[in-house]
Amino acid sequence: PGITSSTQTPKSVYKQAKRSTAYLVDSTKPPTLVPYRASREAAVLKQLGSGSGTPKSPLINEFLNLNNIMNKAVFGTLRATGLIEGKVEKRKTGLG
């Protein structure tokens, strides 16, 4: 059906679409994958191939939620009890 004879070209040939392999993820909910331009995509893939990986920054969650509140309550109580009994030294630096 697709090819009529060995000397003729096919009537319809499936051609796979070019798919991006590097995307920018925007901050919408749900996130949208925005493909990079070809030159930027090549640069990103080259950087990944050289072992650099992608830039990463630590996730610091400082907003209050139930887990943070309970964590501070439990460990704060243990610490205060230890300070009163003299078993724990007072911290001079750090969080808390």
Side-chain angles (χ1 to χ4, degrees):
I3 300 175
T4 55
S5 73
S6 61
T7 58
Q8 293 180 343
T9 59
K11 292 180 182 176
S12 65
V13 176
Y14 171 76
K15 186 176 179 184
Q16 187 173 1
K18 164 82 171 83
R19 299 192 189 270
S20 297
T21 51
Y23 296 93
L24 168 71
V25 181
D26 69 2
S27 61
T28 60
K29 299 226 185 231
T32 305
L33 298 177
V34 181
Y36 282 120
R37 295 184 328 268
S39 60
R40 178 68 182 130
E41 179 182 1
V44 167
L45 293 175
K46 182 178 179 184
Q47 183 182 11
L48 286 171
S50 68
S52 303
T54 54
K56 295 172 181 63
S57 59
L59 174 64
I60 301 173
N61 239 349
E62 286 296 324
F63 63 90
L64 287 177
N65 59 29
L66 183 59
N67 189 36
N68 290 350
I69 293 169
M70 294 307 295
N71 196 1
K72 289 179 188 285
V74 168
F75 290 108
T77 302
L78 291 173
R79 185 158 174 69
T81 304
L83 286 172
I84 291 170
E85 293 176 355
K87 294 180 181 177
V88 179
E89 291 184 22
K90 193 171 186 179
R91 275 196 266 180
K92 294 179 182 165
T93 60
L95 299 173

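Just so we're clear, the structure is a prediction, and the values are computed from it rather than from any experiment. When a residue number appears, it is its place in the shown sequence, counting from 1.
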> Shared ILVMFWY cluster between Val44 and Leu24, side chains joined below 4.5 angstrom?
Replying inline: yes

>> I need the minimum non-hydrogen distance between Arg40 and Tyr36, along with the two atoms involved.
In response: CG-CD2, 3.4 Å

> Going through the checks in order, is the side-chain contact (heavy atoms from CB on, under 4.5 Å) test met by Val25 and Leu33?
Replying inline: CA-CA 5 Å; Val25 181; Leu33 298 177; 3.6 Å; yes

> Looking at CG of Leu78 and CG of Leu83, how far apart are the two atoms once the value is rounded to the nearest 0.5 Å?
Replying inline: 11.0 Å

> Is Phe75 atom CZ crowded by more than 12 heavy atoms from other residues, nucleotides or ligands, each under 6.0 Å away?
Replying inline: no

>> Let me confirm one number: the NZ-OG1 distance from Lys72 to Thr77, rounded to the nearest 0.5 Å.
In response: 12.5 Å

